[in-house]
Visitor: 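Right, I'll just put the structure down here and ask away after.
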Amino acid sequence: MTVGIQDDFDLEKIRQSGQCFRIRTFDDGSYRFITGREVLYIRQADGNLYEVSCCEENWNAIWKPYFSLDSDYRSIRERSAGKNPFIDRAMEESAGLRVLKQDPWEMLVTFIISQRKSIPAIAGSVEMLAEKFGSRIIADRETVYAFPTAEEMEHVSIEELQNCSLGYRSKYVLDAVRKVNSGELDLDAISNLDDDALFDALQAVFGVGKKVANCICLFGYGRTGRAPVDVWIQRAIDEGCGGMNPFEQFGENAGIIQQYMFFYQRNRKDSDESEPAGQTDHQVPA
DNA sequence: TATCAGGGCCTAG
DNA sequence: CTAGGCCCTGAT
């Protein structure tokens with residue numbers, strides 16, 4: 001069927017935004033997304049019109065929330081403008097990307113894996129995990145594998161994880177599996193916590209520090225006030241913000257601004273005028 | 001072929 | 001608080 005999307009929405013920018021590692025493209029311009037056991041093929045037809053492979057119920061119940069289409073990003077950009085020239089530029093260049101609302105368990109494991117890895121390497125490991133331990137899905141255009149649940153990973157060995165190129169992160173993932181399956185960490189229950197408490201609860205997992213915890217808050221729990229600071233954002237802060245963390249002033253939209261900055265910093269021509277000025281005040285609590 | 005950085009985190013001092 | 005080590009990959 002066809003849906004109309006009036007707000008900022010750019011599939012290619014979403015694909016490159018580094019928050020989701022299982023997006024696939026097809027030659028006809030279609031993009032494939034997976035969440036849980038649901039698979040979506042979506043293609044821009046004309047202007048604001050998109051052809052989607054799902055029914056209207058699933059579009060409304062699953063995919064509109066997934067793409068955060070209940071938020072008005074255009075107005076968020078407008079209201080966030082005028083505070084910092086670098087960020088203004090980042091918002092212009094990156095308009096169209098969305099913060100995706102993804103599965104918390106998948107985000108926990110994926111961002112544990114992400115540490116000290118390049119994006120292609122992360123994608124490779126996540127794909128291997130899905131193929132080895134996830135359930136098979138016969139989708140419209142291919143056979144795909146869902147990201148494995150904690151239950152499906154219950155008896156996974158350290159060797160099997162090593163074979164997915166997890167390296168020293170294997171023991172971290174194993175700890176996540178154990179804590180979630182034992183109930184020591186209840187990913188549903190903690191969704192009721194406020195941002196700071198959620199942030200702290202996630203860091204109980206071995207291998208989850210501030211950056212990874214903030215990624216899970218933002219991409220898994222929709223906590224848009226959270227702004228993870230990674231090496232790219234730190235570079236943007238050094239080169240565009242005089243070394244001072246700019247996210248406090250954006251409040252509940254800090255995480256969205258962070259995504260604009262991340263995309264912009266990765267794609268812009270290296271300024272090389274890197275001026276590491278000032279301290280690096282790290283993760284921003286809302 | 002060799003080198004290096006990559007969406008960090010843990011541990012020791 | 002700071003420095004080192006860590007598994008492995010993709011890029012040069």
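Here the structure is a predicted model, which means the values were calculated and not measured. Just so it is clear: chains get the letters A, B, ... in the order the sequence lines come, proteins before strands, and each one is counted from 1.
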Visitor: Suppose the criterion is side chain to side chain donor-acceptor pair (under 3.5 Å): which pairs have a residue in residues 59-74 of chain A, not counting sequence neighbours?
Guide: A:D8-A:R74
Visitor: What is the separation between atom CZ on A:F263 and atom C1' on B:dG7, rounded to the nearest whole Å?
Guide: 15 Å
Visitor: Rounded to the Å, how far apart are A:W232 CH2 and B:dG8 P?
Guide: 10 Å
Visitor: B:dC10 P sits how many Å from A:K210 NZ, rounded?
Guide: 10 Å
Visitor: For residues 91-101 of chain A, pull every pair meeting salt bridge (charged side-chain N to carboxylate O under 4.0 Å, His left out), keeping only residues two or more places apart or in separate chains.
Guide: A:D7-A:R98, A:R89-A:E93
Visitor: Kindly state whether the pair A:F111 / B:dG7 counts as stacked, where counting means centroids closer than 5.5 Å and planes tilted less than 30° apart.
Guide: no
Visitor: Is it true that a side-chain atom of A:Q115 and a backbone atom of A:I112 form a donor plus acceptor pair closer than 3.5 Å?
Guide: yes
Visitor: When we call it a touch if two heavy atoms are under 4.0 Å apart, what does A:Q259 touch: a base, just sugar-phosphate, or nothing?
Guide: base
Visitor: Can you tell if the side chain of A:I233 reaches within under 4.5 Å of the side chain of A:P228, non-hydrogen atoms only?
Guide: no
Visitor: With sugar-phosphate meaning primed atoms plus P, OP1 and OP2, does A:Q258 contact a base, only sugar-phosphate, or nothing at under 4.0 Å between heavy atoms?
Guide: base
Visitor: Work out how far the P atom of C:dG5 is from that of B:dC4, and round it to whole angstrom.
Guide: 15 Å
Visitor: Among all residues two or more places apart in sequence or in another chain, which pass the ring pair (Phe, Tyr, Trp, His ring centres under 6.0 Å) test with A:F250?
Guide: none
Visitor: NA contact type, A:F262, heavy-atom cut-off 4.0 Å: base, sugar-phosphate, or nothing?
Guide: base
Visitor: Need one value for A:S17: base, sugar-phosphate or nothing, where a base atom within 4.0 Å counts as base even if backbone is also close, heavy atoms only.
Guide: base
Visitor: Can you list everything that forms a salt bridge (Lys or Arg N to Asp or Glu O under 4.0 Å) with A:D28? Sequence neighbours excluded, please.
Guide: A:R141
Visitor: In dot-bracket form, how is DNA chain C paired, counting a Watson-Crick or G-U wobble pair only if both its distances are under 3.5 Å and using | for bases paired to another strand?
Guide: ||||||.|||||
Visitor: Determine which pairs satisfy salt bridge (charged side-chain N to carboxylate O under 4.0 Å, His left out) with at least one residue from residues 174-184 of chain A, sequence neighbours left out, and list them in order.
Guide: A:D175-A:R178, A:D175-A:K179, A:R178-A:E184
Visitor: Give a yes-or-no answer on whether the side chains of A:Y31 and A:E12 include a donor-acceptor pair shorter than 3.5 Å.
Guide: yes
Visitor: Quick one: on DNA chain B, does A:I233 or A:G207 contact a more 5' nucleotide (nearest heavy atom)?
Guide: A:I233
Visitor: Nearest-Å distance, CZ (A:R266) to C1' (B:dA5)?
Guide: 12 Å
Visitor: Separation of A:I216 atom CD1 from B:dG8 atom P, in whole Å?
Guide: 14 Å
Visitor: With sequence neighbours excluded, what pairs up with A:Y168 under the ring pair (Phe, Tyr, Trp, His ring centres under 6.0 Å) test?
Guide: none
Visitor: Between B:dA5 atom P and A:I119 atom CD1, what is the distance in whole Å?
Guide: 18 Å
Visitor: Can you tell me which residue pairs pass the salt bridge (charged side-chain N to carboxylate O under 4.0 Å, His left out) test with a partner in residues 29-50 of chain A, sequence neighbours excluded?
Guide: A:R32-A:E142, A:R43-A:E51
Visitor: For every nucleotide of nucleotides 5-12 of chain C, 5' to 3': is a protein heavy atom under 4.0 Å from its base (B), only from its sugar-phosphate (S), or from neither (-)?
Guide: -BBSSS--
Visitor: Could you tell me how far B:dG7 sits from C:dT2 if I compare only their C1' atoms? Round to whole Å.
Guide: 22 Å
Visitor: With sequence neighbours excluded, give me every salt bridge (charged side-chain N to carboxylate O under 4.0 Å, His left out) pair touching residues 154-168 of chain A.
Guide: none
Visitor: Pull out every residue in residues 86-101 of chain A that has a heavy atom closer than 4.0 Å to any atom of DNA chain C, ordered by number, or say none.
Guide: none
Visitor: How would you list, by chain and number, every residue that makes a ring pair (Phe, Tyr, Trp, His ring centres under 6.0 Å) with A:Y145, sequence neighbours excluded?
Guide: none
Visitor: Once you round it to whole Å, what is the distance between C1' of B:dC9 and CG of A:L108?
Guide: 14 Å
